[in-house]
Amino acid sequence: MIPIVCLDDQQGMMFNHRRQSMDECLRKDLIDQITPNKLWMNEYSLKQFKDTSYDNMIVHEQFLELAQLGEYCFVENQFLSKYLDRIEKIIVYRWNRIYPADMKFDLDLSQPEWKRLAVSEFQGKSHPIISKEVLVYEK
């Protein structure tokens, strides 16, 4: 599986059981990149995609257990460390800001096992610059 996460500069994901931020341009970039593959998410994340038309979106609360090889998972409010052996690569969108956070990403991407395959930036609707990294875990 290929998780997709959005993080602030201190690895924050959520604050007070809410996403820190969201961006329409990020969703477009994500859909453009993964088409025509499956995109798994839970009911919470579906709210962010309510205005997005994508035929291969699958919503299930156990999506991280069900996603198969090559399938993408949009992850906002779940930890990934217990799925490390199933992660093919990870896509990280960074807000390039610090938000309040009480839920932080649980994988340390600064470890030498994580290799950066690609880095790019684009202008968001709510953020002047959103960074995107693609990383692979080399055991």
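For this chain, numbers begin at 1 and follow the sequence in order.
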Side chains of N77 and N42: donor-acceptor distance under 3.5 Å anywhere? yes
(message) Is any side-chain heavy atom of L39 closer than 4.5 Å to one of I31?
(response) yes
Original post:
Heavy-atom count around N16 CG within 6.0 Å, excluding the residue itself: above 12?
Top reply: yes
Mind running salt bridge (charged side-chain N to carboxylate O under 4.0 Å, His left out) on K132 and E121 for me, showing each step along the way?
CA-CA 6 Å; K132 178 171 67 174; E121 292 182 337; over 6 Å; no
Quiz item: Would you say the side chain of W40 lies within less than 4.5 Å of the side chain of I2, judging by non-hydrogen atoms?
Solution: no
Quiz item: Under a 4.5 Å side-chain heavy-atom rule over Ile, Leu, Val, Met, Phe, Trp and Tyr, are Y44 and I58 clustered together?
Solution: yes
Problem set entry | Note, M14 side chain near Q20 side chain (heavy atom, < 4.5 Å) | no
Over 12 non-hydrogen atoms of neighbours within 6.0 angstrom of CZ in R116: no
**Study point:** Validation row: E65, Y83 side chains within 4.5 angstrom (heavy atoms)
**Key:** yes
Please lay out, stage by stage, how R94 and D8 fare under the test side-chain contact (heavy atoms from CB on, under 4.5 Å).
-> CA-CA 6 Å; R94 297 194 184 272; D8 73 8; over 6 Å; no
dist Y137:OH -> L135:CG (nearest 0.5 Å) comes out at 12.5 Å
Query raised in the report: Quick check: are there more than 12 heavy atoms from other residues, nucleotides or ligands sitting under 6.0 Å from NZ of K125?
Result: no
Checklist entry - Would a line drawn from the ring center of F74 to the ring center of F49 be shorter than 6.0 Å? => result yes
Output for pair (R27 CZ, D51 CG), nearest 0.5 Å, gives 7.5 Å
Using a cut-off of 6.0 Å, state whether more than 12 heavy atoms not belonging to Q123 lie near its atom CD. no
- Query: Is any side-chain heavy atom of P128 less than 4.5 Å from a side-chain heavy atom of R97?
  - Reply: yes
*asked:* A side-chain contact here means heavy atoms from C-beta on lying under 4.5 Å apart; do F122 and D29 qualify?
replied: yes
- Query: Tell me, do I91 and V5 make a side-chain contact under 4.5 Å, heavy atoms counted?
  - Reply: no
